[in-house]
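This report refers to the structure that appears directly beneath it.
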Amino acid sequence: MTVSNPPLWSLVLVQTVVSAASLVVEIVAGRMLAPYVGMSLYTWTAVIAVVLAGFSAGHWWGGLLASKPQAQALRQTGWVLLGAALTTALAVSVLHGIAGPLLAAVAHPLWAIVALCTGAFFLPSLFAGVPAPVLAQIGAQTSVQSGRALGALFAAGALGAILGTLLAGFVFISYLGSTLTLALVAAVYVAMAVLCFSLAGRLPRTALAASLLSLVLAGYALAAPSPCDRESDHFCIRTIVLSDDPEAPVHMMVLDHLVHGTSARASPLLMFTDHAAMLDSLARLRAPRPDFSSFFIGGGSYSLPRAMATRGTGPITVAEIDPAVTELAVQRFWFDPTSATVLHEDARSALARRAARYDMIIGDAFADIAVPQHLITQEFFQLVRSRLTPQGSFLMNVIDHEDRLQTLGAVLRTLATVFEELEVWTEARQPDAGARMVFVIAAGQSRTRSDSFTTGTPDPTRFAALSDRMVAQIMRADSLILTDDFAPIDRLMGLRAQ
């Protein structure tokens, strides 16, 4: 059967749509990995590397198909796009299925991220990379002006990538969520496969069956339980009920894969984690007056602002970038939104745009290997100092490994260029070898009134300040100062098996 040459516009359409769909999958991949490995520089590096590897292998495969007769090349491209639809539809189920065993088997966190991303998203990228060489070859062969056809197809690929990125980041994830977005992409791949078969002359019944299977699998993924109670523009948000006693409920907030706070309805002053207990106690010990003003970098479960509001301190300001987190804190963590001024914007931007000064600025930016780099630099600490009252203090938590303390040292050296007095607080016990430790740094112009204190967290726990000699020793271990230009916090925290 003789097949007429496909019009250039049809080739351009397929290239644009497939390119857009493949970039949507790339953006969604980062969001879907977050509940398992967090969102960090390493997550996005792995996603980009795996997707580009898939595209590269697909382009090579597509080059082999491009050398075949036109009708055969289009039919095989149709089958490849059905492969893209099937693997995209299965990505959610594959990720859920392999995450637990893979993360348990791979000790190093970075290799775990790469392996998880490869298992779920390499094949969709491989299949999506195949059509470009085939379409370019057909366009060059069938067009009177081959250069014009090639230029149009390359431009279509770039335009599709731009559209896919914008749609994923600004529309699909925000309004549809990750799973429904991938289901839509699978349907789009099916439509492009049908178009390729049509351009080749006919749609085989087996291809129709594969198309229906792809759509069924996409529907199955939609019906599967989501790891998120709510997927916002920033986080996969979950609430874990630790106690469902109607008289004394206790809830835990998880953002992506990390706990960001625990609250008990009946005990607003009880801090369940070491860092929250230290921040709460140190704020009161260092405050210049009982009704001190405070600014919180991040809200999370709003346990600390809630406790301070209960004690009657104020005014309280919280910079929480995600409105959905605040809504959940109000609904499930008993936070009264009228007790504080809540700014739904980045904390650094909030401080920079307002001239208000605070007695206490409290930062809780450290979480696993995902740390907002712009909140631990010299320039940010200078901004923080400019927003403190003369007797004000800056408190921040730091997580590091007992046998290295490179992260703690870098943060301390950086803070020392801005603040006169630094203290490092942690639990007063001998740490386990190589264990991850939680510290709170207190920075200001004066010392804390005590060198130790005991809290109920919920069990009585004693915390103490490291000696000045030990702090100096930690700072002397290196010379790195964290700046906006160079703050390799991901490397300092992440290159280690957990």
Side-chain angles (χ1 to χ4, degrees), residues 253 260-265 267-273 275-365 372 374-375 380-397 418-419 421 440-446 448-449 453 455:
M253 179 183 286
H260 277 252
T262 303
S263 291
R265 187 183 68 184
S267 304
L269 303 184
L270 181 61
M271 298 294 113
F272 286 82
T273 60
H275 81 276
M278 284 189 281
L279 290 172
D280 181 46
S281 296
L282 284 170
R284 288 180 284 128
L285 285 171
R286 295 179 62 87
R289 61 181 189 273
D291 59 339
F292 60 92
S293 60
S294 57
F295 181 96
F296 288 87
I297 300 171
S301 64
Y302 283 76
S303 300
L304 278 169
R306 178 176 174 236
M308 292 189 178
T310 300
R311 294 191 182 98
T313 65
I316 300 170
T317 303
V318 183
E320 168 55 58
I321 196 169
D322 192 345
V325 170
T326 302
E327 292 175 13
L328 186 64
V330 173
Q331 296 167 3
R332 303 298 306 277
F333 291 84
W334 309 286
F335 170 66
D336 179 3
T338 66
S339 66
T341 299
V342 179
L343 308 173
H344 289 130
E345 58 183 295
D346 177 79
R348 181 164 176 173
S349 173
L351 284 174
R353 297 200 302 117
R354 294 167 178 83
R357 290 175 176 263
Y358 306 91
D359 296 317
M360 204 65 54
I361 295 180
I362 300 174
D364 183 13
H374 66 297
L375 299 181
F380 175 65
F381 295 150
Q382 290 169 346
L383 172 63
V384 166
R385 175 163 182 173
S386 72
R387 297 297 184 262
L388 287 172
T389 58
Q391 299 302 316
S393 298
F394 174 51
L395 307 177
M396 67 174 293
N397 79 313
V418 179
F419 292 94
E421 296 285 348
V440 166
I441 299 175
Q445 297 185 7
S446 61
T448 305
R449 295 193 298 267
F453 55 84
T455 68

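All values derive from a computational prediction rather than experimental measurement.
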Spell out, as yes or no, whether a donor-acceptor pair under 3.5 Å connects the side chain of S281 to the backbone of M278. no
May I have the step-by-step check of side chain to side chain contact (heavy atoms under 4.5 Å, CB included) for I297 and L375, ending in yes or no? CA-CA 9 Å; I297 300 171; L375 299 181; 3.9 Å; yes
Distance-only side-chain donor-acceptor flag, D322 / H344, under 3.5 Å: no
Specify the closest pair of heavy atoms between M271 and A307, including all atoms of both residues, with the distance to one decimal. CE-CB, 3.7 Å
Could you state the interatomic distance from CG (L269) to OG1 (T455), rounded to the nearest 0.5 Å? 12.0 Å
Is a donor on one side and an acceptor on the other found under 3.5 Å between the side chain of T310 and the backbone of P268? no
Presence of salt bridge, R311 and D291, under 4.0 angstrom: no
Where do A329 and Y302 come nearest, in terms of heavy atoms and distance? CB-CD1, 3.4 Å
Testing the basics here: between G300 and V325, what is the closest heavy-atom pair and its distance to 0.1 Å? O-CG1, 3.3 Å
Atom pair CG (L343) and CD1 (I321), whose distance is rounded to the nearest 0.5 Å: 12.0 Å
Can you confirm whether Q391 is buried at CD, in the sense that more than 12 heavy atoms of other residues, nucleotides or ligands lie under 6.0 Å from that atom? no
Determine, stepwise, if the pair R332 / E327 fulfils salt bridge (Lys or Arg N to Asp or Glu O under 4.0 Å). CA-CA 9 Å; R332 303 298 306 277; E327 292 175 13; over 6 Å; no
Anything under 30° is parallel, anything over 60° is perpendicular, the rest tilted; go ahead and classify F380 against F394. perpendicular
Does the side chain of F272 reach to within under 4.5 Å of the side chain of L270, using non-hydrogen atoms? yes
Apply side chain to side chain contact (heavy atoms under 4.5 Å, CB included) to M360 and R284, showing your working. CA-CA 9 Å; M360 204 65 54; R284 288 180 284 128; over 6 Å; no
Non-hydrogen side-chain atoms of T326 and P323 separated by less than 4.5 Å: no
Which atom pair, heavy atoms only, marks the closest approach of T313 to P290? CG2-O, 3.3 Å
State whether a side-chain donor-acceptor pair under 3.5 Å links H260 with S301. no
Within a strict 4.5 Å, meaning less than it, do heavy atoms of the I361 and L388 side chains meet? yes
What's the separation between atom CG in L282 and atom CZ in R449, rounded to the nearest 0.5 Å? 10.5 Å
Would you please say whether a donor-acceptor pair under 3.5 Å links the side chains of S263 and S303? yes
Between the side chains of T448 and R286, does any donor sit under 3.5 Å from an acceptor? yes
Nearest-0.5 Å distance, CD1 of residue I362 to CG of residue N397: 11.0 Å
Nearest 0.5 angstrom please: F296 CZ to D364 CG, how far? 10.0 Å
Might you point out which heavy atoms bring I316 and P305 nearest each other, and give the distance in Å? CD1-O, 3.7 Å
For residues T389 and Y358, is any side-chain donor paired with an opposing acceptor at under 3.5 Å? no
Indicate yes or no: does D346 engage R348 in a salt bridge with an N to O separation below 4.0 Å. no
Using only atom types and a distance under 3.5 Å, with no angle test, would you say the side chain of T317 pairs donor to acceptor with the backbone of F295? no
Do D359 side-chain atoms and S293 backbone N/O form a donor-acceptor pair below 3.5 Å? yes
Which heavy atom of M308 sits nearest a heavy atom of A283, and at what distance? CE-CB, 3.5 Å
Thinking salt bridges, do R306 and D336 make one under a 4.0 Å N-O criterion? no
For the side chain of R387 and the backbone of L351, is there at least one donor-acceptor N/O pair under 3.5 Å apart? yes
